[in-house]
Number of protein chains: 2
Amino acid sequence: MTTINDIAKRANVSRTTVSRALNNSGYVSEEARKRIMKIVEETGYMPNQSAKSLRTKRSGVIGVILPRLSTETSTRVVNGINEVLAKEGFQILLTDTELDKKKEIEYIRLLKSRHVDGIILLATNVNDELIQTIRDVDLPFLAIGQDLPEVTSLVYDDYHASADLTNMLIHKGHHKIAFIGVSRDDPSVGIMREQAFRDVMEREGGVIKDHWMGTGDFSIDSGYEEMKKILRASGKNRPRAVYAVTDRMAIGAMEYLKEQGYRIPEDMAVVGIGASSLSQYVSPSLTTIDYFNKKAGQQAAELLLAKLKNEKVEEKFELTYRLILRDSV
Amino acid sequence: MTTINDIAKRANVSRTTVSRALNNSGYVSEEARKRIMKIVEETGYMPNQSAKSLRTKRSGVIGVILPRLSTETSTRVVNGINEVLAKEGFQILLTDTELDKKKEIEYIRLLKSRHVDGIILLATNVNDELIQTIRDVDLPFLAIGQDLPEVTSLVYDDYHASADLTNMLIHKGHHKIAFIGVSRDDPSVGIMREQAFRDVMEREGGVIKDHWMGTGDFSIDSGYEEMKKILRASGKNRPRAVYAVTDRMAIGAMEYLKEQGYRIPEDMAVVGIGASSLSQYVSPSLTTIDYFNKKAGQQAAELLLAKLKNEKVEEKFELTYRLILRDSV
DNA sequence: CTGAAAGCGCTTACAG
DNA sequence: CTGAAAGCGCTTACAG
């Protein structure tokens with residue numbers, strides 16, 4: 001492997017000068033610069049980033065922590081992050097917690113030791129140890145999806161999105177709405193979306209029944225199972241709509257309903273959140289909410305870059321959303 | 001940031017000993033080890049990976065080069081890679097070429113300069129400069145999806161998969177089959193799948209017409225457009241089935257067909273390749289081929305790990321596939 | 001405009 | 001069992 005010393009020798013200058021030429025720092029005579037660049041070209045020399053990083057304390061790498069690598073939401077966000085970061089010459093070091101909270105903390109530390117310049121976390125929960133760890137590593141940090149105290153956070157407007165969706169259902173004439181949520185460990189999805197649902201239902205005179213409330217785990221299967229449970233527990237008095245807090249669960253619910261011969265939306269309306277590509281092509285197409293995940297990723301990357309440049313950045317950002325009315329309602 | 005020197009000082013030993021304790025290399029008295037580990041715990045010390053990597057020439061990072069971050073295929077493969085690698089303590093440095101061939105080469109070099117221990121490339125084409133670059137960087141290397149000469153390659157069995165699919169169509173009574181392929185720059189998808197189609201059609205007495213052959217770009221839209229073109233060019237003599245080389249294009253084709261009032265599969269059968277989740281939930285569900293992408297990623301990671309351990313590894317691996325018969329045929 | 005020297009935080013022969 | 005020293009490949013005051 002060619003090093004800066006090899007280049008220096010061949011160009012008859014010190015490695016100091018090579019470094020300056022390469023980084024456009026300080027004065028280098030045009031002559032020397034040309035000689036150096038020519039040799040760099042010829043040899044295909046690339047500076048050793050570990051050495052550089054050891055010296056400068058910057059690595060050109062941003063750590064990204066995902067709850068799951070294989071969901072469309074994650075992919076879109078990472079896509080947005082990467083688009084912005086790649087343009088600035090940054091690379092992404094990717095980690096996947098597989099929804100294990102311990103790993104979130106572990107990876108934050110690990111990324112620090114790998115000298116990443118900053119971290120973006122797609123957050124799924126909020127807890128003290130997490131906050132503490134983020135404070136400890138003292139790196140430019142950005143959270144997406146949850147409001148982490150004292151951490152720059154980009155949050156989806158879960159409350160209003162959920163409220164809008166519920167309202168829409170009610171104004172379409174549905175007062176009996178089943179709800180498939182997720183664990184309350186996830187404040188954004190598990191608490192905010194449910195709270196908005198309850199608030200609107202109460203305000204608008206909707207009917208909430210305990211056995212119409214299910215709790216899934218984000219998977220299509222869990223949507224299917226919860227729908228089954230809800231219908232079985234309902235007897236004659238059935239809901240006329242079901243609101244699942246994610247598209248995948250909504251699609252699972254639809255599967256069960258179709259199997260049981262329900263017509264959607266005539267017998268039962270279905271809505272989800274996420275605007276997955278699945279939601280568009282499933283039949284009937286699913287009414288859902290688009291959170292513009294890619295844009296969230298882009299914005300997160302831009303904010304992180306601003307932080308790297310020591311620009312002042314606000315602590316909280318609320319993202320926009322859009323209701324997509326389709327055939328399932 | 002705590003360094004090995006801080007730990008050494010506090011433990012009253014040299015940093016040599018700390019290093020030995022941390023890496024379980026050489027002798028360290030039980031006493032010293034305990035003292036060191038306690039302090040490591042307390043301080044949450046993590047070795048600086050840049051320094052380590054500079055010294056040892058290993059980084060614990062594997063570079064992954066994707067053609068597109070936002071496709072299900074890529075995601076599944078990366079998922080498989082990550083599952084295996086994370087277990088062994090490796091991280092993934094992710095790069096996305098956005099289907100730009102130049103970037104493939106650029107990123108290989110870049111990853112080398114970042115001291116990755118190995119590279120996995122989801123290959124989309126084969127060209128001399130690429131092969132040359134791979135040879136130049138001289139790193140443990142693995143290609144998935146294309147057969148790269150002299151590079152360890154994991155390839156899908158595109159020929160037989162495509163042949164099986166075509167055969168199945170013919171045995172269902174379809175002799176007039178339209179085909180939506182992609183550019184021949186991509187040998188696996190653009191050449192092999194088409195070749196098998198042509199071979200089987202010829203052998204089995206199928207009807208191939210030039211204006212029934214379209215070329216898309218992997219996108220849903222292109223499937224839609226190619227289907228439109230094909231039907232418009234066909235006049236009265238229409239195909240009775242369409243084989244798109246990817247699920248997304250097949251789904252685009254389905255969209256157009258449905259819009260035009262075709263019944264699927266009665267008026268027109270549709271098949272794709274990829275076993276995307278879309279293919280399962282679209283209506284009617286799409287007959288397709290499952291390439292077990294996640295498993296491919298796992299196997300790639302395992303082979304790379306074997307190479308890192310200097311184990312001998314064969315040069316070519318053919319992956320298996322599975323035909324999934326569903327309602328679109 | 002240029003270079004010698006120090007130092008980033010590790011590991012690893014080598015010597016004891 | 002332990003430590004001093006060298007060195008990985010860079011950058012950056014400092015001096016000229």
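These figures come from a predicted structure and were not determined experimentally. The sequence lines fix the lettering, A, B, ..., with proteins before strands; numbering per chain opens at 1.
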Would [X] and [Y] pass as an ion pair if we require N to O under 4.0 Å?
X        : Y        : answer
A/Arg76  : A/Glu72  : yes
A/Lys102 : A/Glu106 : no
B/Arg135 : B/Glu150 : yes
B/Lys38  : B/Glu42  : yes
B/Lys101 : B/Glu129 : no

Original post:
In B/S/- notation, 5' to 3', how is nucleotides 9-16 of chain C contacted by protein heavy atoms closer than 4.0 Å?
Top reply: BBBBB---
Subject >> Dot-bracket notation for DNA chain D, counting Watson-Crick and G-U pairs under 3.5 Å, with | for partners on another strand >> reply: |||.||||||||.|||
Subject >> A/Glu30 CD to C/dC1 P, straight-line distance once rounded to whole Å >> reply: 9 Å
**OP:** Quote, to the nearest angstrom, the P distance that separates C/dC1 from C/dA5.
**Re:** 24 Å
Original post:
Is a donor on one side and an acceptor on the other found under 3.5 Å between the side chain of B/Lys52 and the backbone of B/Pro47?
Top reply: no
Original post:
Taking only side-chain nitrogens and oxygens of A/Ser14, does any of them come within less than 4.0 Å of OP1 or OP2 of C/dA4?
Top reply: no
Subject >> B/Thr97: side-chain contact (heavy atoms from CB on, under 4.5 Å) partners, not counting sequence neighbours >> reply: B/Ile65, B/Pro67, B/Lys103, B/Glu104, B/Tyr107
**OP:** Test side-chain contact (heavy atoms from CB on, under 4.5 Å) on B/Thr43 and B/Asp6 and set out the steps.
**Re:** CA-CA 10 Å; B/Thr43 54; B/Asp6 303 330; over 6 Å; no
